[in-house]
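So that the names make sense, note that chain A is the first sequence line, chain B the second, and so on, each numbered from 1.
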Protein chains: 2
Amino acid sequence: MSTTPHRRRPSLDRDTVIRAAIDLADAEGLEAVSMRRVSQALGVVPMALYKHVSDKEDLVDGMVDAVVSSFPAPPPEVAYAVGPSWQQAVRLRVAGARSALVSHPWLRRTLETRTRRTATVLAHMEAVSAAFLSGGLSPDLTHHAMHALGTRIWGFSPELFDESRSGPTPTRHTGAAPQPSDYPSILAIAADAKARRPDATGCDEDFEFSFAFELILGAVDRLHATGWSSADPLPGASR
Amino acid sequence: MSTTPHRRRPSLDRDTVIRAAIDLADAEGLEAVSMRRVSQALGVVPMALYKHVSDKEDLVDGMVDAVVSSFPAPPPEVAYAVGPSWQQAVRLRVAGARSALVSHPWLRRTLETRTRRTATVLAHMEAVSAAFLSGGLSPDLTHHAMHALGTRIWGFSPELFDESRSGPTPTRHTGAAPQPSDYPSILAIAADAKARRPDATGCDEDFEFSFAFELILGAVDRLHATGWSSADPLPGASR
DNA sequence: AGGCTAGGTGTACGATGTACACCACGTCAA
DNA sequence: TTGACGTGGTGTACATCGTACACCTAGCCT
């Protein structure tokens, strides 16, 4: 019946391999994903994977592809909303990407380091670009808006103050540990943040993401409204 | 004379090791920096390095530290300019960081993946934060501005469309190569960019960096002017 | 004089990615 | 029915990596 001939029991195929790698990364982090560990999870010898994946980079590309293609797509009537609600369309696309980060925390680092633009990765960039263009923004402005958003089109901001991974600071040959008093500005910022959110342990990732995202989106919208093009002076110098 | 007793000819010390690693990374990229290659460049056995560096991560931290502490500092009278020229102070700090990228291209990726905040790394963040605060911005706004800038405080934007590293696309088990016609929006953007800069091969990194940087700086300044605090609604939704 | 120690050496181990030869078996033409 | 073929899993092997550990050696201080 099936047009794909089932030669032998095909205990493995590309999707199975990629699935196993994703499960492993979800459970133990990306650094746990080695060809040996993945093959072992599949009850198979390491070299078996190479019949379905050309090398490790291909495996990781496949992992990214699988997750990216699972981004929830906004309903069509809003995905390409024309007019002023283009911002909402962009927001929804990005929110879809962001939603994947909670179950696949490794995706963040992986997307940052990936150089290859696979079909599904391009598809997401296409969708976000399309949301801008459908709102009437020029290709020119859209182009630079995408750059300005940077990795934020994937639903995350770069970590900046993240100290959560510090650990016990293993003995280093490095000189003395940084003295807090040497960083009065950072200290002032931290103190202010602590005062505003007394029982928080770190920065509010969600807030920081939304702040930067909306800041950029708003600024882009203002450029759009004034018909800015890249031949004009850089934005921002208004005061 | 010297207070540091010279036991034996100290052919090696921490700085020498780090210097050698930096030279290697400059010449062949960070992936060429292995303990063996560095030790070999110093005419010494691999394990010798461990007397000056606790492990490889410490080495890389040292490399980052060395480069970051070499950022050219703006002259003091402008570094902390009070009033409306705080933007210029920020610009100069960031320009100093950016200037290091040309001779140390590996710094970009390395800074992105570094989790440890060393003293000199904190010092740069302190300097940028101080520039904001000296301009009269609140610690609250400064905090979120720093997050919004993200890695841009280091003088670079995340690569987005960068295809320069494509190479000959080695045979992969991945399905068919992406079809350009599947990405009309990206195509429109690329066509527009090509029309504006006919003889360019890729995106203009410098322009994209400045665009996003000034966009954010301008938007932050607008918030500053209106006395925004994080208790207020998110910025941007003005239309 | 003799011990301490900073600092370089040598060997060894486990982990990694992957090349290459091999082989088992389901499919299909003869 | 048979035999060639190709798909897909196996086994062995190698280079490279970070680094633990024992050792040695030479200069300094008491």
Side-chain angles (χ1 to χ4, degrees), chain A residues 1-21 24-25 28-63 106 110 113-116 170-175, chain B residues 1-21 24-25 28-63 106 110 113-114 116 170-174:
Chain A
M1 238 201 86
S2 72
T3 59
T4 62
H6 272 235
R7 305 167 166 269
R8 205 187 186 165
R9 71 253 118 134
S11 56
L12 239 52
D13 66 2
R14 183 165 223 267
D15 284 343
T16 314
V17 171
I18 289 171
R19 184 91 262 139
L24 192 58
E28 306 188 36
L30 189 71
E31 74 281 0
V33 177
S34 71
M35 300 305 264
R36 282 171 167 84
R37 294 277 275 112
V38 172
S39 68
Q40 165 183 332
L42 290 165
V44 105
V45 96
M47 286 309 292
L49 306 186
Y50 287 86
K51 287 286 155 60
H52 307 277
V53 141
S54 47
D55 54 13
K56 191 182 175 181
E57 200 184 332
D58 189 30
L59 209 205
V60 179
D61 282 345
M63 295 169 65
W106 48 270
T110 309
T113 56
R114 217 86 300 251
T115 155
R116 213 173 118 76
T171 38
R172 294 252 128 97
H173 290 183
T174 314
Chain B
M1 240 198 82
S2 69
T3 60
T4 63
H6 273 234
R7 305 169 165 268
R8 204 186 188 164
R9 68 257 119 129
S11 59
L12 238 52
D13 66 3
R14 184 166 222 267
D15 284 343
T16 315
V17 171
I18 288 172
R19 183 91 261 139
L24 191 58
E28 306 188 36
L30 188 71
E31 73 281 359
V33 177
S34 71
M35 300 305 265
R36 283 170 165 86
R37 294 276 275 111
V38 172
S39 70
Q40 165 182 332
L42 290 165
V44 106
V45 96
M47 287 309 292
L49 307 186
Y50 287 85
K51 287 283 156 60
H52 306 277
V53 143
S54 49
D55 54 14
K56 190 182 176 181
E57 200 184 331
D58 188 30
L59 209 205
V60 179
D61 283 345
M63 295 170 65
W106 48 269
T110 308
T113 55
R114 217 88 298 253
R116 211 173 120 75
T171 39
R172 295 250 127 97
H173 290 181
T174 316

side-chain contact (heavy atoms from CB on, under 4.5 Å) assessment of B:Met63 paired with B:Leu59: CA-CA 6 Å; B:Met63 295 170 65; B:Leu59 209 205; 4.1 Å; yes
Starting at [atom1] of [X] and ending at [atom2] of [N], how long is that distance when rounded to a whole Å?
X       : N      : atom1 : atom2 : result
B:Leu49 : D:dA20 : CG    : C1'   : 15 Å
B:Tyr50 : C:dG10 : OH    : P     : 17 Å
A:Asp13 : D:dT7  : CG    : P     : 15 Å
B:Leu59 : D:dG18 : CG    : P     : 9 Å
A:Glu31 : D:dG18 : CD    : C1'   : 16 Å
A:Met35 : C:dG14 : CE    : P     : 23 Å
A:Asp55 : C:dA19 : CG    : P     : 8 Å
A:Arg14 : D:dT7  : CZ    : C1'   : 17 Å

Which nucleotide in [options] has an atom nearest any side-chain atom of [X]:
X       : options                : answer
A:Ser11 : C:dT9, C:dA12, D:dG9   : D:dG9
B:Leu12 : C:dT16, D:dT19, C:dG8  : C:dG8
B:Val45 : D:dC17, D:dT10, C:dT9  : C:dT9
A:Lys51 : C:dA12, D:dG9, D:dG11  : D:dG9
A:Met47 : D:dT19, C:dT16, C:dC20 : C:dC20
A:Ser34 : D:dT10, D:dT19, C:dG17 : C:dG17

Salt-bridge contact B:Arg14-B:Asp58 (side-chain N to carboxylate O under 4.0 Å):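 Here B:Arg14 pairs with B:Asp58 in a salt bridge, since their nearest N and O are under 4.0 Å apart.
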Partner residues of B:Thr110 under the side-chain contact (heavy atoms from CB on, under 4.5 Å) criterion, sequence neighbours left out: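 Result, side-chain contact (heavy atoms from CB on, under 4.5 Å) vs B:Thr110: B:Leu30, B:Val60, B:Val64, B:Trp106, B:Arg114.
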Note, B:Met47 side chain near B:Met35 side chain (heavy atom, < 4.5 Å):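 Side chain of B:Met47 against side chain of B:Met35, heavy atoms only: no contact under 4.5 Å found.
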Phosphate OP1/OP2 of C:dG8 contacted by B:His52 side-chain N/O (<4.0 Å):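 Yes.
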Flag, side chain of A:Lys51 to backbone of A:Asp13, donor-acceptor distance under 3.5 Å: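 Checked: no pair found.
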